[in-house]
2 protein chains.
Amino acid sequence: MVDVIRNTRQRRAVSAVLDDLEGFASAQQIHTALERRGEKVGLSTVYRNLQALVDAEAVDALRGDDGEVLYRRCVDAEHHHHLVCRRCGAAVEVSGSAVEAWAGGVAADHGFVDVEHTIEIFGTCADCAA
Amino acid sequence: MVDVIRNTRQRRAVSAVLDDLEGFASAQQIHTALERRGEKVGLSTVYRNLQALVDAEAVDALRGDDGEVLYRRCVDAEHHHHLVCRRCGAAVEVSGSAVEAWAGGVAADHGFVDVEHTIEIFGTCADCAA
DNA sequence: ATCGTTGCAAATGTTTTGCATGTCA
DNA sequence: TGACATGCAAAACATTTGCAACGAT
């Protein structure tokens, strides 16, 4: 009944790349990283595994400015936002209780319910700016 | 030298639809709205005009959760964020000086430069929740 | 032997672009 | 007239899906 999740070579490979990545990377970048390691994994499989990891809340996903989705191993399970380097993808997880409260308040003031928010900060990190 | 922006029927039509729209709408929805009005405008032209309006800062654009871009006539020229109804697209422009400051501070704390941020609040508006 | 997984190719859906034609100024 | 605008079809993208073959348990 409950789907058994199998431990395949491809799943392990995707997970391993994610572990070694410092920042956010697109599915295509991850696919390329796998090729560089000599691991042959179909692009669709990369997408499928990333999606599974996101569903399992083991990976964070966010949409970059150009609309492509970026993935990164989740560091903190709690709700948080990101400060992401638009050049190298390095990211810092940021907790923003103050912002959460602000967002909730704004929404409530206008009678909105089921509120969610998207907050991402993009910039160039110190290393890339050097 | 400087491109002259011509006042074509199509440009006027797109602009008119934007004026009548209450909230954010996708390029395709705008294209459909034009058809309903009996205005024949190519989809590419809709995209081109919307992009031109965004460049001219006469229209706000944001990316919905599914990755499609939504457009809306700009109410306030200053920097602001949106509280958007995920059901009908109705939107409230929100100024968040406190949040701007927070975002800038977080970025500075980590040595990031050229900082930008994306903050959107999605919810269901009072009318749609009723 | 199952039944989830994979790979590939094809399909999707949005947005962009090449280019010949139209048209505003 | 002449530069910008348009329309269409095709291209470009990221992402998803159908399906037969594969492989972990």
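In the text below, chain A, chain B and the rest are named by the order of the sequence lines, each starting its count at 1.
Applying the side-chain contact (heavy atoms from CB on, under 4.5 Å) criterion to R6(A), with sequence neighbours excluded, gives T8(A). Among residues two or more places apart in sequence or in another chain, the side-chain hydrogen bond (donor to acceptor under 3.5 Å, both in side chains) test is passed with R63(A) by none. Scored by the side-chain hydrogen bond (donor to acceptor under 3.5 Å, both in side chains) test, R9(B) finds E39(B) as partners (sequence neighbours excluded). Remark: A58(A) pairs with L53(A), R73(A) by the side-chain contact (heavy atoms from CB on, under 4.5 Å) rule, at least two apart or across chains. Scored by the side-chain contact (heavy atoms from CB on, under 4.5 Å) test, A129(A) finds T124(A), V113(B) as partners (sequence neighbours excluded). Every residue was checked against the side-chain hydrogen bond (donor to acceptor under 3.5 Å, both in side chains) condition with R72(A), not counting sequence neighbours, and none meets it. Not counting sequence neighbours, the partners of V54(A) by the side-chain contact (heavy atoms from CB on, under 4.5 Å) test are Q51(A), V59(A), A61(A), Y71(A). The side-chain hydrogen bond (donor to acceptor under 3.5 Å, both in side chains) test applied to Q10(B) returns no partner, not counting sequence neighbours.
Put simply, CG on L53(B) is 15 Å from P on dT15(C), counting in whole angstrom units. Put simply, CD1 on I5(B) is 17 Å from C1' on dT23(C), counting in whole angstrom units. Taking atom OH of Y47(A) as the reference point, atom P of dT6(C) lies 16 Å away to the nearest angstrom. Taking atom CD of Q29(B) as the reference point, atom C1' of dT15(C) lies 15 Å away to the nearest angstrom. Between the CG atom of D65(B) and the C1' atom of dT15(D) there is a distance of 16 Å, rounded to whole Å. The distance from atom CD of Q51(A) to atom C1' of dT5(C) is 16 Å, rounded to the nearest whole Å. The interatomic distance linking N49(B) (CG) with dT17(C) (C1') rounds to 16 Å, in whole Å. For R63(A) and dT15(C), the CZ to P distance is 11 Å, given to the nearest whole Å.
For the atom pair CG (D60(A)) and NE2 (H82(A)), the distance works out to 4.0 Å, reported to the nearest 0.5 Å.
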Scan nucleotides 8-13 of chain D against the protein and return all N/O pairs shorter than 3.5 Å with their distances rounded to 0.1 Å.
from	atom 1	to	atom 2	distance (Å)
dC8(D)	N4	S44(B)	OG	3.4

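With a 6.0 Å radius and a threshold of 12 heavy atoms from other residues, nucleotides or ligands, E78(B) has its CD atom at or below the threshold.
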Got a list of side-chain donor-acceptor pairs under 3.5 Å for residues 92-105 of chain A, not counting sequence neighbours?
from	atom 1	to	atom 2	distance (Å)
E93(A)	OE1	D76(A)	N	3.2
E93(A)	OE1	H80(A)	NE2	3.4
E93(A)	OE2	V75(A)	N	3.2
E100(A)	OE1	H79(A)	NE2	3.1
E100(A)	OE1	H117(A)	NE2	2.7
E100(A)	OE2	H81(A)	NE2	2.9

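DNA chain C is contacted by no residue of residues 81-88 of chain A, taking any non-hydrogen atom closer than 4.0 Å. Contact check of residues 8-18 of chain B against DNA chain D (heavy atom, cut-off under 4.0 Å) returns T8(B), R9(B), Q10(B), R11(B).
Here the nucleotide nearest the side chain of R6(A), chosen from dT5(C), dT16(D), dT6(C), is dT5(C).
Using a 4.0 Å heavy-atom cutoff across all strands shown, D66(A) reaches no nucleic acid atom at all.
For K40(A) and L70(B), each mapped to the nucleotide of DNA chain C holding its nearest heavy atom, the one lying further toward the 5' end belongs to K40(A).
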